[in-house]
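Below: one structure, written as structure tokens.
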Amino acid sequence: MWNRHPSRRQLLQQIACGIGHTAFLGLAAVEASAEQARSVLAPKLPHLPPRAKSVIFLFMHGGVSHVDSFDPKPKLAEWNGRPSPLPKPQFEFADTGNLLQSPWKFRPYGESGLEVSELFPEIGKCADDICVIRSMQNGNQVSHGPAALALHTGDGVFTRPSMGAWLLYGLGSENQNLPGFVTLSPSSYHGGSQNYGSAFLPAAYQGTRIGDGNTPFREAVFSDLGVSDQSELQRQQLDLLQRLNRQYQRTRNDDSRLEARIQAYELTFRMQMEAPLVTDFSQESRTTRSLYGIDDDPTDEFGRLCLVARRLSEAGVRFVHVNHSYPRNYWDAHSGLKKNHTTNAKKVDKPVAGLLRDLQQRGLWDDTLVVWGTEFGRTPAAQGTDGRDHHPHAFTMWMAGGGIQGGMTYGTTDEFGYYVTSNQVTMHDLHATILHQLGLDHTKLTYRYAGRDFRLTDVSGRVVKDILI
Amino acid sequence: MPTDCQSHVTRQLTFFLQRVAPVLACVLTVSASSWRANANDDHFERRVRPLLAENCWGCHGKTEHEGGLRLDTVTGLRSGGNSGRAVVAGQPEKSRLILAVRQTTELKMPPDGKLTRTQISDLEKWIADGAVWPIDSHQPSDDSNDEEVKLLEPDVTRLAESLQLWLKADAFRCNDEQAVFVWPDLSGHGRDLTATAGIRAEGTGTPPQFIARSHVGGHPAVRFVEGNGLAGSPDHVLDIHGDAAATIFIVCQLEPSTTTSRLENLLMIGNPALHADPGGPRAIYLEIDRSTDTPTLDLAGGWSHDASLGPGSAELLYSQPRVLTVTKTPGPMTAGTSFFFDGNSAQEILKRPLEGTDTVPDVQHRNDFGIAIGKPAGWAGSIHGDIAEVIVYNRVLTNDERRGVEAHLLQKFGLLTARIFEAATRRFTGEERSHWSFQAIRDPVPPVVAGADLSANPIDHFVVAKLEANELHPAPPADRRTLIRRVTYDLIGLPPTPDEVHVFLADKSGNDAALRRLVDRLLSSSHYGERWGRHWLDAVRYADTTANDGNFVMRYAYRYRNYVVDAFNDDKPYDEFLMEQVAGDLMLHNDPRVTAERIIATGFLMIGPKALAETDKEQVKMDIVDEQLDVIGRALMGLTVACARCHDHKFDPIPTVDYYSLAGIFRSTEMFSDLERNASKWMEYIVPSGLNGETIEVMAPKDSVPRHLRVHLRGSRFRLGQIAPRRFLQVLAGSGHQTISGNSSGRLELARWIASANHPLTARVMVNRIWQGHFGTGLVSTSDDFGTRSEPPSHPDLLDWLATRFIESGWSVKEMHRLILNSQTWQMSTRVDPEIQERAVAIDPDRRLLWRAPRRRLDAEQLRDSLLVIAAQLDRRIGGSELTRKLYEASQVLDEKRGIASASTINSRWDGFDSRRRSLYLPVVRNGLPDVLAIFDAADANAVTAKRNETTVPSQTAFLLNNPFALQQAEAFARHVSSLTDDETARIGLAYEISLCRQPTGDELTAASRFLAEYRDSLRQRNVEANDAELSAWSRYCQMLFCLNEFLYVE
């Protein structure tokens, strides 16, 4: 159903009325000149041979504790209840006490023997397919807002475009009937729409939202799309509209925006047909649905998000931002660590593993870069009696598919998980690597604004070559 | 005998004696320091420094700082790296450096080897003994420029050992102008100076006076006049004997006196030889020699044995406060003496060496008094002037030590040295200074263009001259229908009503007069301020919430918004408008209403995005300063000043020291009322409103402690460079200029400078912005950047001519509107004949030469407001605060007492956005704009928006076709026209007039009728009831009208 790699001719055929693909939507300048008439969302050539075509970014909002999930620290058990011998960071969000051991056990998985905690048994079974980066570092961002913004946009203070927007800017979209960057159930907190925004890049590159942190995903829809059974009626209206628009345009044919808007109306009409299909699972088998944990409790919600993500990605959406986010879901265990992470992990473990398996089974593995991330980790020392506080100085994220080596860990932290001891990966490094896998050189993908060239990685960032296949 | 003052002093003396050591520590170091030195200097030099150099500096040194850590400088050692402090003085077990070299944890240093056991224990010992880093005059302890004054921390213990005398006027309290009988010595040696006139035969002079606010920077000082003198006891003399060394610091301001004394004593140590004993130079004696007309300052050993600064040198101490330093090495007088004024060597100032003798003084103490200031006894005179502080050591301090004490004294007494200004002064090349926008605004003579039908408006002459030079011509004038739609949208952001259109078309006067009348009507409408206020709010990143994590509601931001609307409606002179926003709280007025208004204006500084939950509060303050400088730079002056935060601006002549000069002004201004850990509160306070004796609460800053900042190298406040004295941009205000006094933040001075008619940028930037508002693009297309990377203006002479007119008119924005709107250039049509168009597009595709008028899409507010107008739904009330209050109530209150409520729960579906008021009044929730605005490219309130994007995206067409708001207005529009007439043709005509300002053509009528009939039929086939079908068909038809390009674009 989804034409994943359309040729130019196929693209033209996909467009109703055979109207020229070039005079199209998304012009970002005031009244464009002829050469600017190409769509800003048309596919563009990458800088390098790409390994992957799209990204699925699984955002665990609130700060997943690394020492309780993917970075085992047996010394914490030994030192449980004792003050940390290592100096605490200069900047902390709140006061912490003595070291706190992990309530969960770790065990090795697969041939690689990669250790994962009891929180994620299903993801653990995929150990040979994922690359766990234990040396993530998010500067001194000890609060959620700046940390989440730094993760998504590269900067916690200034307004910058999100990684999805940069990606779309760099590569365009392969499916002109769907938005090129979609965000599922994002929170309105901690930067809100800025985390999937386009900032100073043209608005066409911002993420299109389905649902939000407050709404069960079952009820979420693409907003502003008409109901398909009204489409005949709407067509009558559109026909009159377009006729008059054409009349108006006839004596103003140096203005390509007019044609662009005519096309945009047609696209809206077409999207009304196609977009609802994205969330319609009736075509998916029972096996697939249960792989993701759909219709089961408590995995149904996140399972749906993951399945929609696969469908979108398969259909050519460049960047799918999948949120397990506040207020309905939150990993921010300042207290009650055990209950918080147990509850949250149960919701996501099976769906995420299901997504990985599904991508493999459908031959989408190499083309899809999956990133599982969070805005910071949590302190090895306790907050209160049973919680952990924010900790950006060292934490864990993992990546899979899209040319990333599986079954490996990258980077290390000290014996308690306080600081990175080797192979630090900053937010900029992460972004450089993601762009690289999609064929973009992070130093070359620039945009002129306020007098200078900007890029996602600002003035730093290195591609983490050691984790690439 | 003891006066109140003296007994008080005695008590104080005891008090201070009990606290000498810590006081000493506080004064002689800039901050309390745990670094202490002893024989470990040797240990460090022999064992630790070479170890570090060999094993660590490769990666943690001058060129590379792995992990952000430097181990080759004191600063680096103390700052630590990315992971925190490397060394905790006195505690090796807590020092990461030790953990790393022990290699017992995952952190192993060096990465490719291990230090020997001995080396490790050398490091441990070094840290256990205080991790001393000796200050070495031969090797600078960090790599900053030797020429800069460094605020070093002199080694306390070493200096303490050689401290001989320490007098501080601010250490004891006296009533102003009271006699000082005792000046206590704080060195610990008890060498108090006293006035003993009348107490013993040949006693010292009469007691000097204590002055609370002296000439020395307004600080307390002891004032000496004719006959005054203080001297120490002969039983407690300074430990300076024989062929001695000394370093003397005196902070003073002296005056020329009119006494007959030939010699005035500033400070005497020892016994200067008598005239009768010329061979005995037995003193080190600072004097002013008045035997000639040009008094000299010299250091005398005795009669005719001195090292002199030469004729007139005493003037260096007159009429301005000074930190005077004198050093004397053992050996010959002249060769061994050096003078410094505010840290600058006398040689450099006077450009001549000392003159004098080679005598070697042999200091011997008198038996009648010890050290003396002023008239010690019968024969010498007193200096005249204020002395605030005296410090004497019995050795020559190293350069670093001396500079450290000088810098401390300069800072303490607020005497910035010429050296600091000099170091911060940048001299620009001719090329840098020659950039077009830095030149004074000219008043060019408009070119003469022949042509009978060319208007008298000089704008047209500038434009047409350029067109003709490129073999182009202006487009014909637009018709009246086009003009009224264009000008109404331009000036008030709303569509003209059919009646207004009729009146304008029927106006029988000539086009000029009719348009002028129309323009006047629009400019006097209160809706004008709502439209042009919104342009301004774009530029100054206005919002009602703080963004980022908390997204707290700023309850009083709306006052600033209303101030802006009023300012435009009242045509407040733009220079006043600017000054009030930057420094209104400092511009108090008799009329409390004006004062309140001016304070509200400073909301301009407060409305930016803020990371209030950030725990690093100093960082938050600097980030806020940064975004303030960004707005002031880009919105007011067209300069990207904020680019110089971490380094010199890469393109424009704005050095990083200039950034910090400006930053100091704002860092001297307080934005917060508290700095609570996870949710700091911005400043809100109560002021009289000036109405009925009531008060209101406002959001505004307050001036705080004035301070200069240091350059933050790479933007990091842990790596501080030179002092950046508060002042303006040097390339514009002059290299090394000084116009801000020590006691004010400088905001008012800055405001005046920016708003000055002499400022080359301010007027140009604003007229360009006004031009952009009427043409879609400014004469300078980058309206927030007039720097060296910007596109130069398309019509530089026109820009300057307009800027000059703007200033001449009294900075009147409305007059500028009239001037522009009156021009044929603005009144052109958007359409020209196809062949002309083809040619013109080939020559000037971006229409920078203005060969036709631009076609512009309605912006977000115009669109939403228009839909409400044509649906007869718009609530036209001006001003008010109801929606902000509603927002606050709908937000999640986190702290009622401090007024902190988070708007993170507010999304685009909040019912407050259903208000039918003009879009300007919808609260601006950062990262949570209502869809209708966000989708149509409303400004992103997180940053300065100089010019909005204009996009064409399917989310817009989806909105217009399907969004509930669009559907509601469509239905209301349909009902409205239905209520006016039953006749179908008339209704269609009305719908066209209301939305498109014209009547439909015959074809359009036919098409409309056909549509309505067919649509009704389709609905009836679906069993929709007749009345509903009727309404539905009309709603779809009316909706179609506002989906048209003809509606969405203004010609």
Side-chain angles (χ1 to χ4, degrees), chain A residues 25-28 30-31 33 87 89-93 140 142-146 157 159 188-194 199 202-204 212 224-226 233-234 236-237 240-241 243-245 248-249 251-252 254-255 257-258 260-261 264-265 267-268 271 393 412-415 419 421 450-452, chain B residues 83-85 94 96 105-107 548-550 611 613-616 623 640 643 651 776-777 784-785 787 789-790 831 837 841 845-846 854-855 904-905 907 927-928 931 937 940 942-943 949-959 961-963 1004 1007 1011 1014-1015 1018 1036 1040 1043-1046:
Chain A
L25 44 80
L27 294 161
V30 180
E31 231 168 315
S33 54
Q90 195 171 6
F91 296 108
E92 293 187 298
F93 189 72
N140 280 325
V142 293
S143 0
H144 292 291
V157 175
T159 304
S188 57
Y189 287 76
H190 305 147
S193 61
Q194 215 176 311
D212 57 49
D224 295 345
L225 287 182
L233 288 167
Q234 194 172 52
Q236 290 181 30
Q237 183 195 35
L240 178 57
L241 170 66
R243 178 180 154 173
L244 294 174
N245 271 340
Y248 178 79
Q249 188 203 11
T251 45
R252 296 165 174 85
D254 69 327
D255 190 342
R257 297 171 301 169
L258 303 177
R261 194 167 293 277
Y265 280 112
L267 176 61
T268 295
M271 271 176 67
H393 310 283
T412 54
T413 50
D414 58 58
E415 72 257 66
Y419 303 108
T421 47
R452 72 160 169 107
Chain B
S83 309
R85 257 170 284 165
K94 282 220 156 112
R96 279 175 69 68
T105 74
E106 300 231 12
L107 177 63
N548 209 275
D549 37 26
E614 192 52 64
T615 46
D616 183 351
D623 286 341
T640 51
C643 287
F651 312 115
T777 310
D784 62 342
D785 183 12
R789 297 265 270 176
S790 65
R831 303 201 274 162
Q837 179 174 281
V841 168
D846 293 330
R855 186 173 301 113
S904 293
T905 47
N907 57 29
N927 302 328
D931 287 338
D937 309 299
D940 176 355
N942 287 319
N949 285 327
E950 194 204 272
T951 62
T952 309
V953 287
S955 50
Q956 292 169 0
T957 48
F959 181 90
L961 287 177
N962 299 313
N963 185 278
E1004 287 165 344
F1011 167 79
E1014 284 174 7
Y1015 201 86
S1018 303
R1036 293 288 72 70
M1040 185 278 304
C1043 287
L1044 287 170
N1045 277 331
E1046 185 177 346

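Labels below follow one simple rule: chain letters A, B, ... track the order of the sequence lines, proteins then strands, and each chain is numbered from 1.
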Problem - Choice from A/Q249, A/E415, A/Q237, A/H190 maximising heavy atom contacts with chain B below 4.5 Å - result: A/Q237
Exercise for the section: May I ask you to decide if A/N245's main-chain N or O and B/N1045's side chain share a donor-acceptor pair within less than 3.5 Å? Expected result: no
Exercise for the section: Return the minimal non-hydrogen interatomic distance between B/R855 and A/D255, and the atom names on each side. Expected result: NH1-OD2, 2.7 Å
Fill in the blank from the handout: When every non-hydrogen atom of A/S193 is compared with those of B/G928, the smallest separation belongs to OG-N, 4.4 Å
Problem - Interface moiety of A/Y248 toward chain B, non-hydrogen atoms closer than 4.5 Å - result: side chain
Problem - Side chain, backbone, both or neither of B/S790 within contact of chain A (heavy atoms, under 4.5 Å) - result: neither
Practice task
Would you please test B/R1036 and A/Q236 for side chain to side chain contact (heavy atoms under 4.5 Å, CB included) and show each step?
Solution key: CA-CA 10 Å; B/R1036 293 288 72 70; A/Q236 290 181 30; over 6 Å; no
Practice task
Would you indicate whether the side-chain heavy atoms of B/M1040 and A/L244 approach each other to under 4.5 Å?
Solution key: yes
Completion exercise
Looking only at B/D937, B/D940, B/T905, B/D785, the option with the highest number of non-hydrogen pairs under 4.5 Å against chain A is B/T905
Practice task
Sort A/P89 into side chain, backbone, both or neither according to what part of it lies under 4.5 angstrom from a heavy atom of chain B.
Solution key: neither
Problem - Donor-acceptor under 3.5 Å (A/S188 side chain, B/N907 main chain) - result: no
Handout entry: Pairs of heavy atoms under 4.5 Å with chain B: top-ranked of A/G192, A/P87, A/P146
Key = A/P146
Exercise for the section: Go through the atoms of B/Q837 and report whether side chain, backbone, both or neither lie under 4.5 Å from a heavy atom of chain A. Expected result: side chain
Problem - chain A contact via B/N963 - side chain, backbone, both or neither, heavy atoms under 4.5 Å - result: both
Practice task
For chain A, find which of B/C643, B/A943, B/A1007, B/A611 contributes the most heavy-atom pairs closer than 4.5 angstrom.
Solution key: B/A1007
Practice task
Could you look at A/T413 and say if it's the side chain, the backbone, both or neither that has a heavy atom under 4.5 Å from chain B?
Solution key: backbone
Handout entry: B/E1014 side, atom CD; A/L233 side, atom CG - distance, nearest 0.5 Å
Key = 11.5 Å
Exercise for the section: Among B/R96, B/Q956, B/E1004, B/R831, single out the residue with the greatest number of heavy-atom pairs under 4.5 Å to chain A. Expected result: B/R831
Fill in the blank from the handout: Closest non-hydrogen contact found for A/D224 with B/A958 is O-CB, 3.2 Å
Handout entry: Any donor-acceptor N/O pair, A/Y265 side chain to B/C1043 backbone, under 3.5 Å
Key = yes
Exercise for the section: Establish, for the pair A/R243 and B/F1011, whether the NZ or CZ atom is under 6.0 angstrom from the six-membered ring centre and no further than 45 degrees off its axis. Expected result: no
Exercise for the section: Identify the two heavy atoms, one from B/T957 and one from A/A264, that lie closest to each other, and give their separation to 0.1 Å. Expected result: OG1-O, 3.2 Å
Practice task
Could you grab the distance from atom CG of B/N927 to atom CD of A/Q194, nearest 0.5 Å is fine?
Solution key: 4.5 Å
Problem - Donor + acceptor pair across side chains of A/Q234, B/N962 (<3.5 Å) - result: yes
Problem - Heavy-atom pair of closest approach, residues A/L267 and B/P954 - result: CD2-CG, 3.5 Å
Handout entry: Most contacts with chain B, counted as non-hydrogen pairs under 4.5 angstrom, among A/L240, A/D212, A/D414
Key = A/L240
